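Quantities reported herein were computed from a predicted structural model and do not represent experimental measurements. Chain naming here is simple, since letters A, B, ... match the order of the sequence lines and numbering starts at 1 in each.
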Number of protein chains: 2
Amino acid sequence: MTLQRRAVLEVLLARDDHPTADQVVEDLAARGVSGVSRATVFRALELFAERGIVARVCHPGAAARYEVRTHRHHHLVCDVCGKITDFDDDALSALQLPDLGSGGFRARDFSVHVRGLCADCAREQDHELRNEEP
Amino acid sequence: MTLQRRAVLEVLLARDDHPTADQVVEDLAARGVSGVSRATVFRALELFAERGIVARVCHPGAAARYEVRTHRHHHLVCDVCGKITDFDDDALSALQLPDLGSGGFRARDFSVHVRGLCADCAREQDHELRNEEP
DNA sequence: ATCTCATATGAGACAAGATCGCAACCCGTG
DNA sequence: CACGGGTTGCGATCTTGTCTCATATGAGAT
């Protein structure tokens with residue numbers, strides 16, 4: 001655990017959204033943590049993900065996004081704009097996973113991904129329909 | 001619905017995994033469907049995703065992956081190698097989602113993502129541990 | 001069948017995102 | 001203090017995805 005890696009973790013902990021690697025780099029710069037190179041941030045995030053410390057988030061955009069795994073939560077993913085929103089639900093979080101051992105998969109955690117339209121895109125779509133069929 | 005888009009859909013239907021856009025391009029070429037440009041494939045996949053015909057899969061790697069939405073299923077995602085495996089589970093598929101209406105989100109479907117180590121990476125990790133502590 | 005017009009396509013340039021190679025460096029050990 | 005493994009930084013490089021714009025195509029009306 002080096003200084004740079006600790007700094008990356010701290011930045012992640014300080015956010016409650018899903019930053020991209022480059023956003024982490026920016027945050028580091030903003031904090032005055034000078035000279036943590038991009039490559040290092042990528043490597044650190046990769047390492048954390050392998051260790052299960054952070055999770056790679058489903059990212060419909062081009063950039064990989066990461067989040068610290070604090071508590072179990074779930075995601076709303078917009079099919080149109082790609083926005084990801086977290087939500088909590090105790091019932092979902094209490095789910096019992098089926099036995100996956102047969103395939104040799106070693107589960108660490110799970111989350112439920114709900115695809116659909118976010119509020120903004122749903123509204124926009126409604127407007128379009130109205131314009132086409134007045 | 002154009003010829004090109006239909007070809008993209010057919011390629012997706014012919015696979016049971018989660019190809020990237022470029023893999024679709026390769027498949028098209030392999031099928032002899034000459035001259036469907038990369039840009040068109042990207043646009044078609046984007047369009048299908050917006051319409052809910054295909055789903056962007058949670059993709060830990062750098063490239064976006066797509067799958068045709070046939071039946072509801074779930075995913076095992078390896079934290080180390082990023083491999084994604086489908087699995088079926090009737091109990092999970094029968095889940096009742098909580099009411100998300102309050103946030104204005106319009107759900108279309110959901111899937112459960114299980115993070116962890118795939119069989120190969122779990123075995124490899126075991127070997128490493130054994131080497132370090134003989 | 002033909003016309004018309006909005007829309008989709010193709011090709012390549014371009015931008016962003018991610019990775020790689022290698023030399024320099026740090027740090028705990030012997 | 002030298003050693004060795006692992007980490008870092010920098011720049012080069014590769015991959016992924018988007019953009020532009022002239023041209024081709026689709027679908028409905030005639």
Side-chain angles (χ1 to χ4, degrees), chain A residues 1-12 18-29 31-51 53-67 79-84 128 131-133, chain B residues 1-12 18-29 31-51 53-67 79-82 84 128-129 131-133:
Chain A
M1 179 57 76
T2 65
L3 284 178
Q4 291 84 345
R5 290 182 187 169
R6 189 170 297 280
V8 169
L9 248 194
E10 279 175 15
V11 164
L12 276 184
H18 320 99
T20 66
D22 279 322
Q23 283 175 315
V24 172
V25 174
E26 288 169 18
D27 277 19
L28 284 171
R31 280 177 171 236
V33 181
S34 61
V36 178
S37 80
R38 237 165 69 90
T40 299
V41 172
F42 276 93
R43 282 183 289 225
L45 291 172
E46 175 76 12
L47 181 76
F48 292 154
E50 285 190 11
R51 297 285 211 280
I53 301 167
V54 306
R56 276 180 272 246
V57 181
C58 177
H59 51 109
R65 310 183 101 90
Y66 298 84
E67 71 182 357
D79 281 341
V80 175
C81 68
K83 194 172 71 177
I84 299 176
E128 283 178 14
N131 293 339
E132 287 167 7
E133 306 162 10
Chain B
M1 178 56 73
T2 65
L3 284 176
Q4 290 86 345
R5 290 182 185 170
R6 189 170 296 281
V8 169
L9 249 194
E10 281 176 11
V11 164
L12 275 184
H18 320 99
T20 65
D22 279 321
Q23 284 176 316
V24 171
V25 173
E26 288 169 19
D27 277 21
L28 284 170
R31 282 180 170 231
V33 181
S34 61
V36 178
S37 80
R38 234 165 67 90
T40 299
V41 172
F42 276 92
R43 283 182 291 224
L45 290 173
E46 174 75 13
L47 181 75
F48 291 154
E50 285 192 12
R51 297 286 212 279
I53 300 167
V54 307
R56 276 182 271 248
V57 180
C58 177
H59 50 106
R65 294 172 178 280
Y66 297 85
E67 72 182 358
D79 280 340
V80 175
C81 69
I84 299 176
E128 282 177 15
L129 288 179
N131 291 341
E132 288 168 7
E133 306 163 8

Qualifying residues under side-chain hydrogen bond (donor to acceptor under 3.5 Å, both in side chains), relative to B:Arg38, sequence neighbours excluded: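 If we apply the side-chain hydrogen bond (donor to acceptor under 3.5 Å, both in side chains) test to B:Arg38, skipping adjacent residues, the hits are B:Asp22.
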side-chain hydrogen bond (donor to acceptor under 3.5 Å, both in side chains) partners for B:Thr20, two or more places apart: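 Per chain and number, B:Thr20 pairs via side-chain hydrogen bond (donor to acceptor under 3.5 Å, both in side chains) with no residue.
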- request: Note down the inter-axis angle between the two ends of the helix from C:dA1-D:dT30 to C:dG30-D:dC1, five pairs each, to the nearest 10°.
  value: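 Terminal axis comparison yields 30°.
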Whole angstrom is fine here: how far is it from [atom1] in [X] over to [atom2] in [N]?
X: A:Leu45; N: C:dA18; atom1: CG; atom2: P; result: 10 Å
X: A:Glu46; N: C:dT19; atom1: CD; atom2: P; result: 6 Å
X: A:Arg65; N: C:dA16; atom1: CZ; atom2: C1'; result: 13 Å
X: B:His59; N: C:dA18; atom1: NE2; atom2: P; result: 10 Å
X: A:Phe48; N: D:dT7; atom1: CZ; atom2: C1'; result: 13 Å
X: A:Phe42; N: D:dG9; atom1: CZ; atom2: P; result: 14 Å
X: B:Asp22; N: D:dT18; atom1: CG; atom2: P; result: 12 Å

- request: Please name all residues satisfying side-chain contact (heavy atoms from CB on, under 4.5 Å) with B:Leu9, sequence neighbours left out, ordered by chain then number.
  value: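 For B:Leu9 the side-chain contact (heavy atoms from CB on, under 4.5 Å) partners, ignoring immediate neighbours, are B:Phe48, B:Ile53, B:Val54.
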task: Can you sort out the partners of B:Arg31 under side-chain contact (heavy atoms from CB on, under 4.5 Å), two or more places apart, ordered by chain and number?
output: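 side-chain contact (heavy atoms from CB on, under 4.5 Å) list for B:Arg31, sorted by chain: B:Glu10, B:Val11, B:Ala14, B:Val33.
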Residue pair A:Leu45, A:Leu12: steps toward the side-chain contact (heavy atoms from CB on, under 4.5 Å) verdict: CA-CA 10 Å; A:Leu45 291 172; A:Leu12 276 184; 3.8 Å; yes
- prompt: Which nucleotides of nucleotides 3-14 of chain C have their base under 4.0 Å from a protein heavy atom (B), which only their sugar-phosphate (S), and which neither (-), written as one string 5' to 3'?
  reply: -----SBBB---
- request: Please list all pairs passing the salt bridge (Lys or Arg N to Asp or Glu O under 4.0 Å) test where one or both residues lie in residues 41-51 of chain A, with sequence neighbours left out.
  value: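 Passing the test, one end in residues 41-51 of chain A: A:Glu46-A:Arg56.
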Can you give each donor-acceptor pair under 3.5 Å made by side-chain atoms of residues 58-65 of chain B, sequence neighbours left out, with the distance rounded to 0.1 Å?
from, atom 1, to, atom 2, distance (Å)
B:His59, ND1, B:Ala63, O, 3.0
B:His59, NE2, A:His59, O, 2.6
B:Arg65, NH1, B:His18, O, 2.8

task: Please lay out, stage by stage, how B:Arg5 and B:Leu47 fare under the test side-chain contact (heavy atoms from CB on, under 4.5 Å).
output: CA-CA 10 Å; B:Arg5 290 182 185 170; B:Leu47 181 75; 3.3 Å; yes
